[in-house]
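Remember, predicted model here, so these are calculated numbers, not experimental data.
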Amino acid sequence: MAKAMARHILVKTEDEAKALKKRIAAGEAFDVLARKHSTCPSGKRGGDLGEVRPGQMVRAIDQIIFKKPLREIHGPVKSQFGYHLVQVFFRD
C-alpha cells in the first residue's frame, strides 16, 4: 500500500497562507512557521503529519500528497478546515 511523509501548515485565510508561502520562499523555516501559525495539532511538531496513507487526509490534501512533485511547497489549498500549505518529502 502506498504511503508518504508530509508536513503542512493550516491557517484560516488564503491571504495568511499566501503570506506564509512567501516567507518560506524567502528562506524562513517551514517548521518554525508551522509551530507559530498552524491551527492544526501537527503544528506543535513543525507541521509533521508523519506517515500518511491514501484516504487518511481530506481529498484535496490527499491529491497533493500522492500526485504532486516532492519537496515543493504546494498551496494554498482549501479544505473544510481552512487553507493548507503542504510539502511532501517521500512517497512509496
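- The structure places NZ of K3 at 5.5 Å from CZ of R53, a figure rounded to the nearest 0.5 Å.
- The backbone N or O of A60 sits nowhere less than 3.5 Å from a side-chain atom of Q63 that would complete a donor-acceptor pair.
- Note: the hydrophobic cluster containing I24 also contains V11 (ILVMFWY, side chain heavy atoms under 4.5 Å, direct or indirect links).
- Here L20 contributes atom CG and K22 contributes atom NZ; the two are 11.0 Å apart, rounded to the nearest 0.5 Å.
- Panel note: side chain K21, backbone P76; no donor-acceptor pair is recorded below 3.5 Å.
- The backbone N or O of L10 lies less than 3.5 Å from a partner atom in the side chain of T39, making a donor-acceptor pair.
- Expressed to the nearest 0.5 Å, how far CD1 of I9 lies from NZ of K36 amounts to 11.5 Å.
- At a threshold of 4.5 Å between non-hydrogen side-chain atoms, the residues V58 and Q80 count as touching.
- Look at K18 and E16 and you find no salt bridge, because none of the NZ, NE, NH1 or NH2 atoms lies under 4.0 Å from a carboxylate O.
- Panel note: side chain R23, backbone A29; no donor-acceptor pair is recorded below 3.5 Å.
- Under the 4.5 Å side-chain heavy-atom criterion for Ile, Leu, Val, Met, Phe, Trp and Tyr, V52 and L70 are members of the same hydrophobic cluster.
- Distance alone, capped at 3.5 Å, places no donor-acceptor pair between the S38 side chain and the G47 backbone.
- Counting only heavy atoms from C-beta outward, the side chains of D31 and L33 never approach each other to under 4.5 Å.
- A donor-acceptor distance shorter than 3.5 angstrom exists from the side chain of D62 to the backbone of G55, with no hydrogens or angles considered.
- Just one of M5, R7, H8 meets the side-chain contact (heavy atoms from CB on, under 4.5 Å) condition when paired with L49; it is H8.
- In this structure, the side chains of I65 and M57 come closer than 4.5 Å at one or more pairs of heavy atoms.
- Taking 4.5 Å as the limit, some side-chain heavy atom of I73 sits within range of a side-chain heavy atom of F30.
- At least one side-chain heavy atom of P69 sits under 4.5 Å from a side-chain heavy atom of H74.
- Although no hydrogens or angles enter the test, the distance criterion places no donor-acceptor pair under 3.5 Å between the side chain of R91 and the main chain of A4.
- Going from atom NZ of K68 over to atom CD1 of I61 covers 11.5 Å, rounded to the nearest 0.5 Å.
- Residues that satisfy the side-chain hydrogen bond (donor to acceptor under 3.5 Å, both in side chains) test with S79, not counting sequence neighbours, are H84.
- Note: the hydrophobic cluster containing I64 also contains F81 (ILVMFWY, side chain heavy atoms under 4.5 Å, direct or indirect links).
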